[in-house]
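Okay, so here's the structure we're looking at.
From a predicted model like this one, the values you see are computed outputs, not experimental measurements. Numbered from 1 within each chain, the chains take letters A, B, ... in sequence-line order.
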2 protein chains.
Amino acid sequence: MKSRSYHHGDLRHSLIEMGIELIEQEGEGALSLRKVAAKCGVSNAAPYAHFKNKDGFLIAIQQHIMDLFTASLEKAFEEYEDTDRSLPMLGKAYVMFFYQNPFYYDFLFSRKNISIKLSSDDPNNRDTPPLAILKKAAISIFRKAGSPEKMIQDKITAMWALVHGLSAITTMPNVEYDDSWELRIEEIIRSISIPYV
Amino acid sequence: MKSRSYHHGDLRHSLIEMGIELIEQEGEGALSLRKVAAKCGVSNAAPYAHFKNKDGFLIAIQQHIMDLFTASLEKAFEEYEDTDRSLPMLGKAYVMFFYQNPFYYDFLFSRKNISIKLSSDDPNNRDTPPLAILKKAAISIFRKAGSPEKMIQDKITAMWALVHGLSAITTMPNVEYDDSWELRIEEIIRSISIPYV
DNA sequence: ACAGGATCTTGACAGTGTTAAGATCGTGTG
DNA sequence: CACACGATCTTAACACTGTCAAGATCCTGT
């Protein structure tokens, strides 16, 4: 933590924080390793001691945002667990996380080449935490409602697509919303999920 | 069209085509104005006679892809007009367009700063053609089915979010699909839209 | 105490977007 | 038909970027 010594002390975290700050202020296009390094009072090549290259740095930021996303969904899951609103509220949390931080959505899903996976390709079907939480809640609800087992997969996918699509739409520039958008989100999700419950 | 003269003859179109080709071959990260110019046998600064800057070039590519998207939806709309499958099939066309060209999805929706709008912010509510077609078909179906007028807006948004979300999900890397994904798309859309029809 | 690894700096290179200045071409106007 | 003017293209340069090699500095375990 000493700031005047040769070694920074906490450079990795500082770089990530300053990187996010820079993107929020000037947009992702203005992000450069050199600028972030300068913001941390450190030289050009210093970041290369902590990240393989710029993509590695971006992936670290994505991971950081993904952790925030996970925490946000977990909180909503616990709050409404075993409630009749559990699924709509979880979906709303999914959408609101990005609605309130549009840059998070862009940054998490806009760079296909390096983006971390939401759904996994390993044979054990181990999804990323956010998706796993959503699926878990959905399965529970749909089973309880007596949905035919063979349709549950499609319903889960539909539920995921709905909230992900709402996230995409609500973070688009220049999309118009007549009413309070936040209130409508819950109704929209409910209008889809209710028939299943 | 003469290729050896000082003037290229059709540089603007060539740049766009070569740009798309380059992205498809080497990824969007490898796209540079200089490389595209070279591919067209033209010098560094030549593109600046046709586009204000790189963003202008990217916007032109987006516009080109948007035209393809519009044509694709219009075709599906005409094919299934006044059918009981019109809305699911239109939704499927929406998803399949991007599923079959994942790079189109990225390029159209991944760059918030410059992306052309799907929904418009002008008071006349004039949406972009693809969205307008989808809304038109949805309104017609929902009205015919006797949906309460004040819920139609939410249902349309849900429909849009569903197909847009499916597009996002199916173009993600490393998302696993057990069965033939194309067939499932129709069922997923139907499972949502049927209750309304 | 000190060797070795982690961290950081300096300096350099190739590639990029962009602009200014000027060369070449085509085309409408007299 | 001439020719001036605008559209198109080239050359040359600038600042900025990602990245790496070589070396300086610091920390930590033994």
Next on the checklist: On the nucleotide C/dA6, are OP1 or OP2 found under 4.0 Å from the side-chain N or O atoms that A/His50 carries?
Outcome noted: no

Item to check | Euclidean distance, atom CZ of residue A/Phe51 to atom P of D/dT19 [Å, nearest integer] | outcome: 13 Å

Checklist entry - When the distance from CZ of B/Arg12 to P of D/dA7 is rounded to whole Å, what number comes out? => result 15 Å

For residues 58-66 of chain A, tabulate all N or O donor-acceptor pairs below 3.5 Å that involve a side-chain atom, not counting sequence neighbours.
from	atom 1	to	atom 2	distance (Å)
A/Gln62	NE2	A/Phe107	O	2.9

Item to check | Distance, rounded to the nearest Å, where A/Tyr48 contributes OH and D/dA21 contributes C1' | outcome: 13 Å

Checklist outcome for this item: Taken to the nearest whole Å, CG/B/Asn53 to P/C/dT16 is 17 Å

Checklist outcome for this item: note: B/Lys54, atom NZ; D/dT17, atom P; distance rounded to Å ~ 14 Å

Item to check | hbond_proxy A/Arg34 side chain to D/dG18 base (donor-acceptor, 3.5 Å cutoff) | outcome: yes

Checklist entry - Which sits closer to the 5' end of DNA chain D, B/Leu11 or A/Leu31, going by the nucleotide each is nearest to? => result B/Leu11

Checklist entry - Quick one: B/Asn44 CG to C/dT19 C1', roughly how many Å, whole number? => result 12 Å

Checklist entry - Can you say whether the rings of A/Tyr99 and A/Trp181 are parallel (under 30°), tilted (30 to 60°) or perpendicular (over 60°)? => result tilted

Next on the checklist: Is there a side-chain contact between A/Ser43 and the phosphate of C/dC8, meaning an N or O under 4.0 Å from OP1 or OP2?
Outcome noted: no

Checklist entry - Taking atom P of C/dT7 as reference, at what distance in whole Å does atom CG of A/Asp10 sit? => result 11 Å

Next on the checklist: Restricting to side chain to side chain contact (heavy atoms under 4.5 Å, CB included), what partner residues turn up for A/Arg143, sequence neighbours left out?
Outcome noted: A/Ile139, A/Glu149, A/Ile152

Checklist outcome for this item: Out of C/dC8, C/dG17, D/dG18, minimum distance to the side chain of B/Leu33 belongs to C/dG17

Next on the checklist: With a 6.0 Å cut-off on the ring centroids, do B/His164 and B/Phe98 count as close?
Outcome noted: no

